[in-house]
2 protein chains.
Amino acid sequence: MTVAAPATMRSTEPRTPYPVAARELLRDTLLDAAGAELYERRWSDITMADIARSAGVSRQTLYNEFGSREEFAQVLVMRESDRFLDAVEHAVRAHLNEPAEALAAAFGIFLTAAAENPLVRTIVGGDGAEQLLALFTTQGKPLVDRATERVTDVLLSGWPLVARQDAELLSECLVRLAISYAALPQGPASMTASSLARLLGPYIERVVKESSA
Amino acid sequence: MTVAAPATMRSTEPRTPYPVAARELLRDTLLDAAGAELYERRWSDITMADIARSAGVSRQTLYNEFGSREEFAQVLVMRESDRFLDAVEHAVRAHLNEPAEALAAAFGIFLTAAAENPLVRTIVGGDGAEQLLALFTTQGKPLVDRATERVTDVLLSGWPLVARQDAELLSECLVRLAISYAALPQGPASMTASSLARLLGPYIERVVKESSA
DNA sequence: CACGACGTGTCAAGCAAGACGACAGAATGG
DNA sequence: CCATTCTGTCGTCTTGCTTGACACGTCGTG
């Protein structure tokens, strides 16, 4: 029962000053508003005015904060992908001893989550989300780069002896495969996950083994 | 694994508009700042300027938001007590079938949490917190009233047939006893809790029985 | 006792962020 | 082809936070 000393009261941790927190809150509120709208309408039917109103803010502030509809969508997608990466990271850390298992678990988690995620569903499933879809594919460089970087970091922190180049190659391919299967699923998530584990298992075993030799 | 659909994305729930959330955030940040300061210094050594600075805000906004040092302290204490009441509420709901047990559990939780809570510790333990102490006792009407009301609500929602008057009497006495034992502990928390359960058990059994008759 | 130092509470002026209204340009649909 | 609607931008107005100043009361010190 830790109600007695809430996290906000630990003196050692650096509490975020209000101005910073307020800005963060503003951006989050706007992104959340968009997310909520996406639950009901498709992206092409949601106007900037809708998002601003839904966040309780003027359209101008939305533009001040994000520049344009494009950029806003970019950030929205980015934030969502970060959440996926959190889950993936967690899954990998739970299987540090069996690399292939880690891969299967991470992919399983990812694909399951993706299948349920409303943002992903609206993109994959329906019309009117072409703009968003592009952010994962043709315009997806920022996303792929960032995701690759994060996955690389996870790999290197979990298996420090693996060569960075190997980790980067693996990460990028994983990210691309993840996006591909999220966009166009093939059979159940666990099946896909284990298939990929079989496919990439040998490579993983190899680089891990080499590193520990 | 619910990472896929974060709570902030449920369309049905009423998302809080930014202006409201920002205000809330401002107040919380200030209160948290005070809490953090209380970890290190005593209340009488903490200036309004300290709190404002620690929250990353000007002294004036602190005054705009809370009026005076007194009022600020009042709110601070109030918020903390609300957290305790959350814990108590939770404990009670876990023992809806055995009223006396519920009482013992709630008191046990409460006293244990109070003993560990930094705010309470600074008030009970040391000098320089007389102003805060007063808010629990001589100036404690708002706190006692509010706490009594909340406890009454919990009781009535758990045992709907109990007469409101009985619940109110019991609640007020419980609140007052809780404050008293928090301010001046007597032996271990569990001991005190069971003693009180023995003391008030008969009354509780009585009103519950009467109500179900 | 008088004095300076310090904290509270208040005020006015300055400034930055958001709200509001309006507009050009592009896309959409009747 | 015209009307509508949305995007993106601009200028003005309002609001809220900041800054600096000051009166007042309290405390510790010479």
Side-chain angles (χ1 to χ4, degrees), chain A residues 15-34 37-38 40-77 126-135 139, chain B residues 15-34 37-38 40-77 127-132 134-135 139:
Chain A
R15 286 163 307 99
T16 30
Y18 173 73
V20 181
R23 188 189 173 83
E24 187 80 8
L25 173 64
L26 174 57
R27 295 175 70 90
D28 275 350
T29 306
L30 283 163
L31 293 167
D32 290 347
E37 294 292 319
L38 269 174
E40 312 175 335
R41 305 204 280 299
R42 35 188 236 219
W43 178 246
S44 59
D45 285 352
I46 299 170
T47 75
M48 296 295 269
D50 290 335
I51 297 168
R53 179 166 22 76
S54 167
V57 114
S58 84
R59 198 164 61 94
Q60 184 64 40
T61 37
L62 171 51
Y63 276 98
N64 287 343
E65 201 56 41
F66 291 98
S68 72
R69 185 183 174 86
E70 295 283 327
E71 294 178 58
F72 181 79
Q74 177 76 307
V75 176
L76 181 64
V77 160
D127 304 309
E130 296 76 14
Q131 305 228 25
L132 290 182
L133 177 58
L135 294 175
Q139 322 247 337
Chain B
R15 286 164 304 97
T16 32
Y18 173 73
V20 180
R23 188 189 174 83
E24 188 79 7
L25 174 64
L26 174 57
R27 294 176 71 90
D28 276 349
T29 306
L30 284 164
L31 293 167
D32 290 346
E37 295 292 318
L38 269 174
E40 311 175 336
R41 305 205 279 299
R42 33 187 236 208
W43 177 247
S44 59
D45 286 351
I46 300 170
T47 74
M48 296 294 270
D50 290 336
I51 298 168
R53 180 166 22 77
S54 167
V57 116
S58 85
R59 197 165 61 93
Q60 184 65 38
T61 33
L62 172 51
Y63 276 97
N64 287 343
E65 202 56 41
F66 291 98
S68 74
R69 184 182 175 85
E70 296 283 327
E71 295 178 57
F72 181 79
Q74 177 75 309
V75 177
L76 181 64
V77 160
D127 304 309
E130 297 78 13
Q131 305 228 24
L132 289 182
L135 293 175
Q139 322 248 336

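In this text the structure is predicted, and so the values were computed from the model without any measurement. Chain letters run A, B, ... following the sequence lines, proteins first and then strands; every chain starts at 1.
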- Reckon L62(A) touches a base, only the sugar-phosphate, or nothing at all at heavy-atom distances under 4.0 Å? nothing
Measure from [atom1] on [X] to [atom2] on [N] and round the result to the nearest Å.
X       : N       : atom1 : atom2 : result
R53(A)  : dA19(C) : CZ    : P     : 14 Å
N64(B)  : dC11(C) : CG    : C1'   : 11 Å
Q131(B) : dT8(C)  : CD    : C1'   : 11 Å
R69(B)  : dG7(C)  : CZ    : P     : 10 Å
D50(B)  : dT8(C)  : CG    : C1'   : 13 Å

- Residues forming a side chain to side chain donor-acceptor pair (under 3.5 Å) with T47(A), sequence neighbours excluded: D50(A)
- Query: What residues, two or more places apart in sequence or in another chain, satisfy side chain to side chain donor-acceptor pair (under 3.5 Å) together with T16(A)?
  - Reply: none
- Note on the structure: CZ of R69(A) to CG of L76(A), rounded to nearest 0.5 Å, is 10.5 Å
- Could you tell me which residues satisfy ring-ring contact (aromatic ring centres under 6.0 Å, His included) with Y63(B), sequence neighbours excluded, listed by chain and number? none
For [X], all residues meeting side-chain contact (heavy atoms from CB on, under 4.5 Å), sequence neighbours excluded:
X       : value
E71(A)  : S68(A)
P17(A)  : P19(A), V20(A)
Q139(A) : A134(A), L135(A)
E24(B)  : D28(B)

- Message: I'd like to know whether L31(B) forms a side chain to side chain contact (heavy atoms under 4.5 Å, CB included) with F66(B), so could you lay out the CA-CA distance, the side-chain angles of the two residues, the decisive distance to 0.1 Å, and finally the verdict.
- Response: CA-CA 10 Å; L31(B) 293 167; F66(B) 291 98; 4.2 Å; yes
- Item | Start and end of the DNA chain D segment that chain B contacts, any atom under 4.0 Å from a heavy atom | dC17(D) to dA21(D)
- Item | DNA chain D: 5'-proximal contact among Y18(A) and I46(A) (nearest heavy atom) | I46(A)
- DNA chain C-proximal residues of residues 54-61 of chain B, any heavy atom under 4.0 Å: R59(B), Q60(B)
- Item | Non-neighbouring partners of E37(B) that pass salt bridge (Lys or Arg N to Asp or Glu O under 4.0 Å), sequence neighbours left out | R41(B)
- Task: State which residues pass salt bridge (Lys or Arg N to Asp or Glu O under 4.0 Å) with R27(A); sequence neighbours excluded, sorted by chain then number.
- Result: E65(A)
- Query: Could you run down nucleotides 24-30 of chain C 5' to 3' and tag each one B, S or - for protein heavy-atom contact under 4.0 Å?
  - Reply: -------
